[in-house]
Number of protein chains: 2
Amino acid sequence: MATDPLSLTFAALADPTRRAILARLTEGPATVKELSAPFDMSGPAVSKHLRVLERAGLITRGRDAQWRPCELDATPLRQVSEWADGFRQFWDASYRRLDDYLAQLQANQPPDTDHPA
Amino acid sequence: MATDPLSLTFAALADPTRRAILARLTEGPATVKELSAPFDMSGPAVSKHLRVLERAGLITRGRDAQWRPCELDATPLRQVSEWADGFRQFWDASYRRLDDYLAQLQANQPPDTDHPA
DNA sequence: TAGTTAAATAACCAAGTGGTTAGGCATGAT
DNA sequence: ATCATGCCTAACCACTTGGTTATTTAACTA
């Protein structure tokens, strides 16, 4: 797998379980067991997901007796947002093309308001 | 692998080659050979990357004689941007915490400008 | 000391990834 | 009809992923 930061982040996000864990962590830190609760999945499976999130820098892990609380670190998501925003004009393109088409229609042959589509 | 649309999109983006292909396609449609040119990689390898992008709905493929031109479809990136934006307050949080700290410092014990840190 | 709880590690498995080479199939050119 | 081009599929490889169960480590508790 690619090991550059952006690729690690995207790879970490490419799993619904991990995205759900991040969503849960927006409400505050949680232990591994708390994070496991919503999922029909063994503890080690959740541990692996957490390791992927940690490698991507999306969570940090502390230590409190036998608990290892996880905390959200959303800073890598900033790069994700910025990368995606670079394509905004292209996902807007179809709508703009439709707007242009409608504007041109309006200018050249105004629709007959007596016969709306 | 997860097969929901957002996971497919994130997985497709988790590779620098595929992101470079998308960047190239912002300049307009291209054939597979044109897309392969910048990469030290066999044709089939690029074909596989294109299939991943196609499965994620990020490109569409046409047919022109023996060429199979690829075109960008950025609409899935809109969901990516919206998902990431949901975390904006959290990647801003550290800066806000710093601002708060500085503001509090300013109010309670104004820094000695003769002894800057 | 013995027992319980939280979490990690180890070992394993099926499936997927990212790459390769070899070969096949259309299409266009000679 | 033959050949070259563009691209695909097939088969293979080493490695990763997402899951499992069993075991181990670490810390608290009785």
Side-chain angles (χ1 to χ4, degrees), chain A residues 1-25 28-72, chain B residues 1-25 28-72:
Chain A
M1 207 205 32
T3 54
D4 62 285
L6 196 51
S7 295
L8 282 180
T9 305
F10 277 129
L13 298 178
D15 184 289
T17 302
R18 288 194 290 265
R19 292 198 303 277
I21 288 173
L22 292 180
R24 161 63 186 82
L25 288 176
T31 68
V32 176
K33 201 174 187 210
E34 286 168 346
L35 292 174
S36 302
F39 307 108
D40 186 17
M41 195 181 294
S42 68
V46 174
S47 263
K48 285 191 178 186
H49 284 304
L50 293 177
R51 197 162 58 210
V52 173
L53 290 171
E54 192 177 22
R55 194 156 80 106
L58 286 162
I59 64 171
T60 57
R61 319 181 76 169
R63 188 98 197 226
D64 176 11
Q66 67 251 182
W67 295 276
R68 239 131 305 185
C70 299
E71 194 172 358
L72 178 65
Chain B
M1 206 203 37
T3 53
D4 62 286
L6 195 51
S7 295
L8 282 179
T9 305
F10 277 128
L13 299 178
D15 185 288
T17 302
R18 288 194 289 264
R19 292 198 303 276
I21 288 173
L22 291 180
R24 162 63 185 84
L25 288 176
T31 68
V32 176
K33 201 176 188 207
E34 287 167 345
L35 292 175
S36 302
F39 306 108
D40 185 16
M41 197 182 293
S42 69
V46 174
S47 263
K48 285 192 178 183
H49 283 304
L50 293 177
R51 196 164 57 211
V52 173
L53 290 170
E54 191 178 22
R55 194 155 79 108
L58 286 162
I59 64 171
T60 57
R61 320 181 73 168
R63 189 96 198 229
D64 176 12
Q66 69 260 109
W67 295 278
R68 239 132 304 184
C70 299
E71 194 172 358
L72 178 66

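Naming: A, B, ... by sequence-line order, numbering from 1 per chain. Computed from heavy atoms alone, side chains included, the values below leave out hydrogens, waters and symmetry copies.
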For A/Met41 and D/dT17, what is the distance between atoms CE and C1' respectively, to the nearest whole Å?
13 Å
When all nucleic acid strands are considered with a 4.0 Å heavy-atom cut-off, which category describes B/Thr31: base, sugar-phosphate, or nothing?
sugar-phosphate
Does atom CZ of A/Arg55 have more than 12 heavy-atom neighbours, drawn from other residues, nucleotides or ligands, at distances under 6.0 Å?
no
From CA spacing to verdict: side chain to side chain contact (heavy atoms under 4.5 Å, CB included), B/Val46, B/Thr17:
CA-CA 9 Å; B/Val46 174; B/Thr17 302; 5.9 Å; no
I need the minimum non-hydrogen distance between B/Val32 and B/Arg61, along with the two atoms involved.
CG2-NH2, 3.8 Å
Could you walk me through whether B/Lys48 and B/Asp15 pass salt bridge (Lys or Arg N to Asp or Glu O under 4.0 Å), step by step?
CA-CA 12 Å; B/Lys48 285 192 178 183; B/Asp15 185 288; over 6 Å; no
OP1, OP2 of D/dC8 versus side-chain N and O of B/Ser47: anything below 4.0 Å?
yes
Which nucleotide in the set D/dA27, D/dT17, D/dT9 lies at the smallest distance from any side-chain heavy atom of A/Met1?
D/dT17
With nearest nucleotides of DNA chain D determined for A/Ala65 and A/Gly43 from heavy-atom distances, which residue corresponds to the more 5′ nucleotide?
A/Gly43
Atom CZ of B/Arg51 to atom P of C/dT17: distance rounded to whole Å?
9 Å
Quick one: A/Arg68 CZ to D/dA26 C1', roughly how many Å, whole number?
7 Å
Is A/Arg18 close enough to D/dG18 that one of its side-chain N or O atoms is under 4.0 Å from OP1 or OP2 there?
yes
Side-chain contact check for A/Lys48: nearest option of D/dG18, C/dT9, C/dG19 is D/dG18
Closest-nucleotide mapping onto DNA chain C: is B/Pro44 or B/Val52 further toward the 5' terminus? I mean the 5' end.
B/Val52
Figure out the CG/P separation between A/Asp40 and D/dG18, and round it to whole Å.
17 Å
Side-chain N or O of B/His49 closer than 4.0 Å to phosphate OP1/OP2 of C/dG19:
yes
Nearest of D/dT5, C/dA6, D/dT20 to any side-chain atom of B/Gln66?
D/dT5
Within this structure, what is the CH2-to-C1' distance between A/Trp67 and D/dT25, rounded to whole angstrom?
16 Å
Minimum-distance nucleotide (side-chain atoms of A/Lys33 versus C/dA7, D/dG19, D/dC7):
C/dA7
Can you tell which of D/dA26, D/dC28, D/dT20 lies closest to the side chain of A/Arg63?
D/dA26
Any A/Arg55 side-chain nitrogen or oxygen under 4.0 Å from OP1 or OP2 of D/dT16
no
If the cut-off is 4.0 Å, is A/Arg61 near the phosphate of C/dA7, judged by side-chain N/O to OP1 or OP2?
no
